[in-house]
Amino acid sequence: MKNDIILQVNGLSKSIKGLPVLSDFNMEIFEGDICGIIGPNDSGKTMLLRAIAALINPDKGKIEIFGKKLIPNRAAILSKVGFLIGEPVFYDHLNLFDNLLLFARYSGGDKDNEEINRTLKRVGLYDQSDEKVGKLASGDRKKLAIAMAIYNNPPLIILDEPFSSLDIKSFDEIKSLLKTINRDQGTTIVVATKRLSELQGFINRIVLMEGGRLISEGDVEELFGRSNVGLVIETDNPSKAVKLIKESNLPVDNVVIKDGHVRVNCEKKVIPFINEYLMVSEVQVFALRPDDAISSYYLTFTE
Amino acid sequence: MILQETYKIFTRPYAKIVLLVMLVLMLIFSAAFAFEGQEYYDSLLNTFGKGVSFEGKLLNGNLFAFQLFHALWLLVALMVVFVTGGMISEEKSAGTLRMVLSRKISKTGFFTARFAAAKIFAFIVVAFMAAISLGVGLAVFGSGELLAFDNGKFTVLTANQALLSFALAYVFYFLMLLTVISISMFFSVLFKSSIKAILVTVSVIMVFYFISTLELPLFDGVKPFLFTSYFSSWAQFFTTPVDWMKLTFDAIVLLVHILVFYTASVMIFGKQEVLD
């Protein structure tokens, strides 16, 4: 049984200078999820997060968080959400502690030295708490931004590209920290990234977007749990290729010609055998590619 | 929140630079006053003939503070713009506004806190100016009657009258600085670049002030509508009798400007999207 919906986006549209950046976008995230919002550059991920943080005014649609409309409950809602949107920027002339304190106060919190130190410890920056933020390496800046997002244990954390510019060790540490927060506190975590591979074994729910539109959303198991992938084969002789594949003993389904190319459903591991079989049979294979975005993501995700 | 924003102002170098420049200007003026003052004021008194009677030492702390105020008031106001002109635009261009406004604090709350911090900064500037000019002036040059002259008119005030006049003049000057701040923050909301916001504010003040001070009938109809026409009204506290009606009107005009620019800034800022 599904948990309660913690974040719901309905029919969200936004244009900037006449160009649509979000088009009738819908999304649901449930309490306790670790959800990945995946899309290439300019797919609208950051704009979606800006809308969720009430930094932009959508042209259409609505956003509900914790069962309440974002507008007019912005302040009450945002006090319970930890955000990292876009490149992390700070007051570089202040030290790490003071930056965290400032942002804690912007979040409506009181000065709590203990909590600030504890949060800095959690992201491994406690020893640098007196250093000026301007001197931090980009990976440490990202960690500080994550510290700001997790400060005071908000029930919902939304992070935009949290793993970029982290080295492998820090990447594993932050991922593990977020997992622990999710497991121990039931915190819902939303991570937007263009690199699906970063989220392997981390997320349980996925939202795929491209060109400001939703391609698909669902549980990772539902979406990627299937064994088959749709494959398009570009050859010099599609009819011969279809005949050969059908006559072969290869485990494939739905072998058809569509738009001048061969289309089959098969397991990922079968793809090299199809390629080899066609080549041995003197059918030239120009390209093998996934036949839709989800298959494309699937291939990336299951690398 | 206001204290936090004030802290942010004073951790930036600009605020310290403004106070340092003020101190340097005051030191230069002190040296000139100490070495050349007597000769200058004697010749000035001679040009006005024997009609001025004066008891005690002419060159005293009150005259020092009065002349310093005259020399610095506009410069200091323009220097304040260097700090307050970037209060919103700098947050926009640096991207910190995105980080701040994705928190609980509202745009109105953030702007108001910054505006209040700018007010505190202005208060500190006026207090600093008063402390140095009056404090140091009285300590070094001693007290005495104030020979105040403005626009070719002499007024002699007793030491006690002078102190009261200074207090009221500083209050009015604070009001004038708040007007400057509200204008600079308005442009800071409009522009993403701090330099642009500062330059536009300084340009507007300079052009308006230039027109306000021109003794040409051509601009007489415009002058009442320029806020700069009320900027130097603080000097009227050193005249006798004080024209309270005019000063009250001038103060109300400045207050209305502060309110209008603050409201316009809040409304425009509230509608702006954070896309940086």
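Owing to the predicted nature of the structure, the values given are computational and were not obtained by experimental measurement. Worth knowing before you read on, the calculation uses all heavy atoms, side chains too, and leaves out hydrogens, waters and symmetry mates.
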Undergrad: Could you look at Ala75(A) and say if it's the side chain, the backbone, both or neither that has a heavy atom under 4.5 Å from chain B?
TA: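 Answer is both: backbone and side chain atoms of Ala75(A) are under 4.5 Å from chain B.
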Undergrad: Please classify the contact of Ala51(A) with chain B as side chain, backbone, both or neither, using a heavy-atom distance under 4.5 Å.
TA: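 Contact with chain B involves no heavy atom of Ala51(A) at all.
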Undergrad: Crowded around Phe66(A) CZ? As in, over 12 foreign heavy atoms under 6.0 Å?
TA: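 Enclosed: over 12 neighbouring heavy atoms sit under 6.0 Å from CZ of Phe66(A).
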Undergrad: If we define contacts as heavy-atom pairs under 4.5 Å, which of Ile52(A), Ile56(A), Leu101(A), Leu84(A) has the most with chain B?
TA: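 Going by pairs under 4.5 Å, I would pick Ile56(A).
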Undergrad: Does atom CG of Leu23(B) have more than 12 heavy-atom neighbours from other groups under 6.0 Å away?
TA: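 Enclosed: over 12 neighbouring heavy atoms sit under 6.0 Å from CG of Leu23(B).
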Undergrad: Tell me, side chain or backbone of Met148(A) under 4.5 Å from chain B's heavy atoms, or both, or neither?
TA: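 Both parts, heavy atoms under 4.5 Å.
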Undergrad: Measure the spacing between CG of Leu97(B) and CG of Leu55(A) and express it to the nearest 0.5 Å.
TA: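 Taking CG in Leu97(B) and CG in Leu55(A), the distance rounds to 8.0 Å.
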Undergrad: Leu275(B) and Ile16(A): which non-hydrogen atoms are nearest, and at how many Å?
TA: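 Answer, listing the atom of Leu275(B) first, then Ile16(A): CD2-CD1, 3.7 Å.
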Undergrad: Below 4.5 Å from any heavy atom of chain B, which atoms of Leu49(A) appear? Answer side chain, backbone, both or neither.
TA: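 Neither part.
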Undergrad: Given a strict heavy-atom distance threshold of 4.5 Å, which part of Ile77(A) is in contact with chain B: side chain, backbone, both, or neither?
TA: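 Nothing of Ile77(A), per the 4.5 Å heavy-atom cut-off to chain B.
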Undergrad: Do you know which of Ile85(A), Val81(A), Leu102(A) has the most heavy-atom pairs under 4.5 Å to chain B?
TA: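 Of Ile85(A), Val81(A), Leu102(A), Leu102(A) has the most heavy-atom pairs under 4.5 Å with chain B.
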Undergrad: Dump the table of donor-acceptor contacts under 3.5 Å between chain B and chain A, or return none if there are none.
TA:
residue, atom, partner, partner atom, Å
Gln4(B), NE2, Leu102(A), O, 3.4
Glu5(B), OE2, Tyr106(A), OH, 2.4
Tyr7(B), OH, Asp98(A), OD2, 2.9
Lys8(B), NZ, Tyr91(A), OH, 2.8
Lys8(B), NZ, Tyr106(A), OH, 2.6
Thr11(B), OG1, His93(A), NE2, 3.1
Arg12(B), NH1, His93(A), ND1, 2.9
Glu91(B), OE1, Tyr91(A), OH, 2.6
Glu91(B), OE2, Tyr91(A), OH, 3.1
Arg98(B), NH1, Ile85(A), O, 2.4
Arg98(B), NH1, Glu87(A), O, 2.8
Arg98(B), NH2, Glu87(A), O, 3.1
Leu101(B), O, Arg74(A), NH2, 2.8
Arg103(B), O, Arg74(A), NH2, 3.0
Lys104(B), N, Tyr106(A), O, 3.3
Lys104(B), O, Arg74(A), NH1, 2.9
Ile105(B), N, Tyr106(A), O, 3.1
Ile105(B), O, Arg74(A), NH1, 3.3
Ile105(B), O, Arg74(A), NH2, 2.9
Glu273(B), OE1, Lys14(A), NZ, 3.1
Glu273(B), OE2, Lys14(A), NZ, 2.6
Glu273(B), OE2, Asn57(A), N, 2.6
Val274(B), N, Leu55(A), O, 2.8
Val274(B), O, Arg50(A), NH1, 2.8
Asp276(B), O, Arg50(A), NH1, 3.3
Asp276(B), O, Arg50(A), NH2, 3.2

